[in-house]
Amino acid sequence: MSTQSARAHIHDLLTHALLAAQRENRLPPLATTDVTVEYAPPEKADYASNLALRLSRAVRMPPMQVAEVIVAALPESPYLAEAAAAPPGFINFRLSEQWLARQVGDISAQGSTYGDCDVGGGAALQIEFGSANPTGPLTIGSGRNIVLGDTLARVLAAANFAVQREYYVNDVGSQMDTFARTLLARYRQLHGVDAHVPADGYAGEYMVELAAQVKEAEGDSLLDLPESEALQQLHERGLALMLTSIRDDCALLGVEFDEWLSQAWLEDEGRVQGAIDTLRERGRVAEREGAVWFVSTDVEEDKDNVLVRSTGDPTYFAADIAYHAYKLERGYTTLIDVWGADHHGHVPRVKASMAALGHDPERLTVLLYQLVRVLRGGEEVRMSKRTGDVVTVREVVDEVGVDASRYFLVARSPDTAMTFDLDLAQQESDENPVYYIQYAHARTVSILDRAQQEGFDRDAANLALLRHPAELDMLRHMVRLPELVEDIAVQLAPHRLAFFAQELAGLFHAFYRDCRVLDADDRPLSHARLQLVHAARLVLARCLHLMGMSAPDHM
RNA sequence: GCGCCUGUAGCUCAGUGGACAGAGCAUCGGUCUUCGGAACCGAGGGUCGGGGGUUCGAAUCCCUCCAGGCGUGCCA
C-alpha cells in the first residue's frame, strides 16, 4: 500500500486533534475514546464522525461546541478540502478534489493489487468450508457454503491474512455406512440380484450411476464377498468416486482447496482418542448410560454431549474436537468455519471443547448461513436429500453459468434465507444484475481499445483535469475499495462486494453518459479521462475477481 | 417449551446506534440510437411485523406479542 485509506487517515487526524485539544485545555482530560469514522450522506459530506456527540456528556459541553473544538484542532491534510462541525454535532469531511484526482495514479500503479489492506498483518488463518458429507452430489445449499467461503478467502487474502482453505471430509460414521449399504443394494440390482435400498438409504439416481461405475471397474467380483467386506470395499470406492465428483463441482465454481482433511485419518492417527484422553485428564469426561460424555453443563452449554456412543464408535462431535485442536496445532491463529444454519447448535459445544482443551475459543469464528430456496418457473422447487430430489451445483452452473451462480449466491447476506431464481439468473437481460457489472467492465475495455487504435496516449495525462462531478463521484467510490476489503474481512460479510460493484458500475455508466472520453479536439482531457477509465477497469475487475467472477473484455 | 436466524416499497434484498429509510427489478413517463442502448434520466410506491422501553438520537439495543425458517444428550 502506497497510501493510507482516506478513512484511516481521517481516523488518525481525529485522534491527533483530540489529544491536541486536551493538551491545550480546550477539552478536559479524557480516558481513551475510540474514534469512529463512517460514510456520510453524500449531500452532506464524504466521511463523518459522531465523536463529538459521544463525547458531549463526558466533557459536559454541547455537542456542537465539542465538534468545533475538535475541528479547530485538526491538522492540515492534503486529503481534505474541508472539515466542519454540523448539527447536531457531527464532524463532516470533504475529500479534496485534487487528492481524489491524484488517486487515479495510485490505483493504476497498484494495478491488480489495488484494494489490498493490512488488517491481517500476515497472520495464519484457516478457513474451512464446503465440508458436505460425501454421500451425494453438491447441492445448491453447499454451493452457497462454498461460494461464501471462497469469496471470503479471497477477501481475507487481500486483507493480508495467510489463508489456507480446507475441506473436511466426513468419511466415517453412520451416514457413510448408509451410503455403502445403498451402494451395495444398487450394485446387486445391476447384477440382477433382488436387493432393496435401505429405508434410510439414499434413493437418488446418482447412486445407480455410482454402482454402474463400480460394476464397470470390478465386474461381479464383489457379489461373492462376505457382506462386511463388500461394504468396506464399496465404502472406499464410493467415497473416492464421490470425492472426485465433489472436487469437479468445486472446480466448476472456480474453487480449489489447499487441503482435503479426512476424519478417518484423524481417527487413524489417534487424534480423536487423544482428544478424549486429554479431556478426561482435565476432568471433563463422564461415563453413563453406556456412553462417554463431554461435561459442559456448567460451562458454556446447557447440556452434556456424547463423545463415544454405547456402540464404542466416536461421534462426529468427538472428531470435531480433535479436528479443531489439530487446526490450532498446525499454527493457524485464526479459524473460520462456514456452516449451514442447521448446525448452529454445534457452535457452543465446539467452543466449549476448545476452552476445555486450554485454547481460546475466540480464535474460532463460525459463519452461519441460512438455507437456499430455489425458484424454477416461478415456483419453489421442493428438495429432499434422502430421496435424491435436490438441485445440484452442477445443474445450476450448467443452466446459468458460473458467474451468475456465484453472483447470486454471494450477493445476499448469509443471514438471509435466500431465494435463488433460476429463470432470473439465466436471463441475459437488464433484469439480471450480473451483466450490469460485467458490462461496465467491457465498456471500459472497449474505450481503452479504441483509444489505442486512435492514437490517444494516456501516459501523458494531467490528472488535475479531472474535476467533473461524475468523475469525482466515481473516484470517491473507488477510493473506498481498501476500506471495503477491511470491513468485509472484519465483519465476514462478503455480500457487500456485490453491492459495492453494482454501485461502481452505476457510477461508471453515469460518467460515460456525462463525460465524453475520446475527443480529438481536447486531447489533454481525453488522456486524463483515459487514465480514469483505466483505473475504473482495475477496480471493477478486482471486485469481480474477488467474487470469483470473470471480468470479460467483450460480451 | 427452550435456543439461533429472519420479518424493511408489488417482488428480490441492502442498511444493525446517527442526519429527511435505500438499491435493483416490476409499473408509468422520458433520452433515441456519434467512445458498446446489456445504457441513462424522471415519477409513483414504505405506520421498517404489532406494542412497550432505553437514548440527545432506534429499522438497528432491551422487554413482550405475532408470523416464517432452522435446531434442541449417543445423525452430521
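Naming convention: chains lettered A, B, ... in sequence-line order (proteins, then strands); numbering from 1 in each chain.
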Give one of base, sugar-phosphate or nothing for [X], where a contact means two heavy atoms less than 4.0 Å apart.
X: A:Asp553; answer: base
X: A:Ala440; answer: nothing
X: A:Glu289; answer: base
X: A:Ser413; answer: sugar-phosphate
X: A:Ser174; answer: sugar-phosphate
X: A:Glu43; answer: base
X: A:Ala48; answer: base
X: A:Thr416; answer: sugar-phosphate
X: A:Leu53; answer: base
X: A:His343; answer: base
X: A:Ala40; answer: base

[X] side-chain proximity, nearest of [options]:
X: A:Lys44; options: B:C74, B:U6, B:C20; answer: B:C20
X: A:Arg412; options: B:A14, B:C74, B:A19; answer: B:A14
X: A:Gln175; options: B:C75, B:G36, B:A19; answer: B:C75
X: A:Leu518; options: B:A19, B:A76, B:C35; answer: B:C35
X: A:Tyr436; options: B:A19, B:A39, B:G15; answer: B:A39
X: A:Thr419; options: B:U12, B:C40, B:C35; answer: B:U12
X: A:Arg57; options: B:U55, B:A38, B:G15; answer: B:U55
X: A:Phe499; options: B:C13, B:C70, B:A76; answer: B:C13
X: A:Gln370; options: B:A76, B:G36, B:C5; answer: B:C5

Pairs under 3.5 Å (N/O, protein and nucleotides 60-62 of chain B):
none

Note: [X]-[Y] ion pair, threshold 4.0 Å (strictly below):
X: A:Glu287; Y: A:Arg280; result: yes
X: A:Asp34; Y: A:Arg54; result: yes
X: A:Asp337; Y: A:Lys327; result: yes
X: A:Arg284; Y: A:Asp304; result: no
X: A:Arg271; Y: A:Glu267; result: no
X: A:Arg496; Y: A:Asp487; result: yes
X: A:Asp473; Y: A:Arg476; result: yes

**OP:** Begin from the C-alpha positions of A:Phe317 and A:Trp293 and carry the test ring pair (Phe, Tyr, Trp, His ring centres under 6.0 Å) through to its verdict.
**Re:** CA-CA 11 Å; A:Phe317 176 47; A:Trp293 301 71; over 10 Å; no
**OP:** Look only at the side chain of A:Thr151 and the backbone of A:Leu148, and say whether a donor-acceptor pair between them is shorter than 3.5 Å.
**Re:** no
**OP:** On RNA chain B, check which nucleotide each of A:His509 and A:Ala442 is closest to and give me the residue with the more 5' one.
**Re:** A:Ala442
Subject >> 5' priority, RNA chain B, between A:Ala493 and A:Pro314 [closest heavy atom] >> reply: A:Ala493
Whole angstrom is fine here: how far is it from [atom1] in [X] over to [atom2] in [N]?
X: A:Glu503; N: B:G15; atom1: CD; atom2: P; result: 13 Å
X: A:Trp293; N: B:C74; atom1: CH2; atom2: P; result: 7 Å
X: A:Tyr39; N: B:U16; atom1: OH; atom2: P; result: 12 Å
X: A:Arg349; N: B:G73; atom1: CZ; atom2: P; result: 8 Å
X: A:Arg288; N: B:C74; atom1: CZ; atom2: P; result: 12 Å
X: A:Lys303; N: B:C4; atom1: NZ; atom2: P; result: 13 Å
X: A:Asp337; N: B:A76; atom1: CG; atom2: C1'; result: 14 Å
X: A:Met418; N: B:C11; atom1: CE; atom2: C1'; result: 15 Å

Original post:
Once Watson-Crick and G-U wobble pairs under 3.5 Å are found, how is RNA chain B written in dot-bracket notation, 5' to 3', with | for any base paired to another strand?
Top reply: (((((((..((((....[...)))).(((((.......))))).....(((((..]....))))))))))))....
Per the atom types in the model, does the base of [N] pair as donor or acceptor with the side chain of [X] at under 3.5 Å?
X: A:Gln502; N: B:C13; result: no
X: A:His344; N: B:G3; result: yes
X: A:Asn50; N: B:G18; result: yes

For [N] and [X] - does any side-chain N or O of the residue sit under 4.0 Å from the phosphate oxygens OP1/OP2?
X: A:His554; N: B:A38; answer: no
X: A:Arg309; N: B:A76; answer: yes
X: A:Arg496; N: B:A14; answer: no

Original post:
Are the aromatic rings of A:Tyr439 and A:His509 close, with centres under 6.0 Å apart?
Top reply: yes
Original post:
What do you reckon, are the aromatic ring centroids of A:Tyr167 and A:Phe129 less than 6.0 Å apart?
Top reply: no
Original post:
Are A:Tyr512 and B:A39 stacked, counting the six-membered base ring, centres under 5.5 Å, planes under 30°?
Top reply: no
Subject >> Any side-chain donor near an acceptor of the partner, A:Tyr407 and A:Gln502, under 3.5 Å >> reply: yes
Original post:
Partners of A:His346 by side chain to side chain donor-acceptor pair (under 3.5 Å), sequence neighbours excluded?
Top reply: A:Asp320, A:Arg349
